[in-house]
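In this text, all values refer to a predicted model and were calculated from it rather than measured experimentally.
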Amino acid sequence: MTYHPKSDFMRVMMTRGFLADCTDYQALDEALLKGVVPGYIGFDATAKSLHVGSLIQIMMLRWLQKCGGKPIVLMGGGTTKIGDPSFRADERPLLTNAQIDDNIAGIKRAFAPYVSFGDGPTDAIMVNNAEWLDSLNYIGFLRDIGRHFSVNRMLSFESVKSRLDREQSLSFLEFNYMILQAYDFLELNRRYGCLVQMGGSDQWGNIVNGVDLTRRVVDHEVYGLTSPLLTTSDGKKMGKSQSGAVWLNGDMYSPYEFWQFWRNTTDADVGRFLKLYTELPLDECERLGALAGAEINAAKVVLANAVTTLLHGAEAAAAAEATAREVFEKGGIGDDLPTITLAPEELAEGVGIVQLLVRAGLAASGKDAKRLIAEGGARMNDEPVTDAALRLGAGDLAQPVKLTAGKKRHALVTLG
């Protein structure tokens, strides 16, 4: 559809590639012109950190605030107890209240660099849907809210239909998730005047439910807006690296590793990622993304620096770039590489190279590490590792040992 937005926020969403769909482009655009629009995105607390797969949503909240709106970060303290079944093949493991609270505390840290929290009209707020979901009266909820939902329609949503078509079990617990998410939108509209829910395009059905429910129950016009589900140009889901999830919390994925993840972006993705994950002007994103040959590597450094600066600060980005230059250009070790420290007692019988590659995050599993070695992709101190049975003792670690996987991923092993 061709729509020419008038509001800054809708213009950013459309020109930078954030927008997949919207329940009413024009009405939302006009609402944004009239005053402060509160908008929310929900994040379930399934781990102690979000990963880069959530970064597109965090950037949407950041742009909402920069364009004069009010971001609402909704933590799913209640919905995490059920688990979102959208496009999953199986049920999520259930977490305890203590685990969920612990995860929320970790996740909160990722938002501070992107949005400003406070009590002002455009300051972000963080709320937890356990506030209203934990105290729901089941019979009252069914009578007041459940009656607005058609099971026939719920079964037609792609996220549910795909699970049933594959004849994979969908529990009644999970089936309730979309009702609770719709109820979140209603509650946020009642409490904070929230006008728009945003999320990935896999949430479209859930978001439409919330728009419909809010209109039916309180007769308020609200809107839904989705971003494209992001995959890299080679078809991989955004958020994963060869060694696992790319976490936003620095203690789970170091600033250097984070920088390196963006530096390793495929050539074809550079321009698109600059538009989505940085605030560089659009023409600069397009200019950098159009570079070819060796020049595209300079654009990747710009991307890595800009994204790392937003999350971890300019100093961390500069340190990561300096370490990368030392490692790649000068063959040095670099002070900022991810490091694992072994206790002397661990080395009594030696530590296997396979185990070290896994612990260093250079391989996802022992099987993956053995394949890396067999294919000639593992090196120790820049020398190829050819024996998967190799073990290192205390003598081998008199000096730090550099492990390498492929050409660009490195880690240090030291003796504590």
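- Between the Asn249 side chain and the Ser49 main chain, no donor and acceptor come within less than 3.5 Å of each other.
- Between the side chain of Thr80 and the backbone N or O of Ala45, at least one donor-acceptor pair lies under 3.5 Å.
- In this structure, Tyr256 and Trp259 have parallel ring planes: the angle between them is below the 30° cut-off, well short of the 60° mark.
- Although no hydrogens or angles enter the test, the distance criterion places no donor-acceptor pair under 3.5 Å between the side chain of Asp29 and the main chain of Tyr25.
- Contact check on Lys6 versus Glu30 returns no salt bridge, with no Lys/Arg side-chain nitrogen under 4.0 Å from an Asp/Glu carboxylate oxygen.
- Of the possible polar contacts, one joining the Lys70 side chain to the Gly120 backbone as a donor-acceptor pair under 3.5 Å is found.
- Here the CG atom belonging to Asp8 is positioned 11.0 Å from the NZ atom belonging to Lys66, to the nearest 0.5 angstrom.
- Residues Gln197 and Gln203 have side chains that never bring a donor and an acceptor to within less than 3.5 angstrom of each other.
- With sequence neighbours left out, Thr226 forms a side-chain hydrogen bond (donor to acceptor under 3.5 Å, both in side chains) with no residue at all.
- Separating the CD atom in Glu257 from the CH2 atom in Trp247 is a distance of 13.0 Å, to the nearest 0.5 Å.
- For the residue pair Gln57 and Ser54, no side-chain donor N or O sits within less than 3.5 Å of a side-chain acceptor on the partner.
- No donor-acceptor pair closer than 3.5 Å links the side chain of Asp184 to the backbone N or O of Asn129.
- To the nearest 0.5 Å, atom CD of residue Gln65 and atom CZ of residue Phe117 are 8.5 Å apart.
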Problem - Evaluation steps, side-chain hydrogen bond (donor to acceptor under 3.5 Å, both in side chains), between Asn209 and Gln181 - result: CA-CA 8 Å; Asn209 273 333; Gln181 185 171 327; over 6 Å; no

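- Nearest heavy atoms, Arg16 versus Cys285: NH2-SG, 3.8 Å.
- A donor-acceptor pair under 3.5 Å links the side-chain atoms of Arg62 to the main chain of Tyr114, judged by distance alone.
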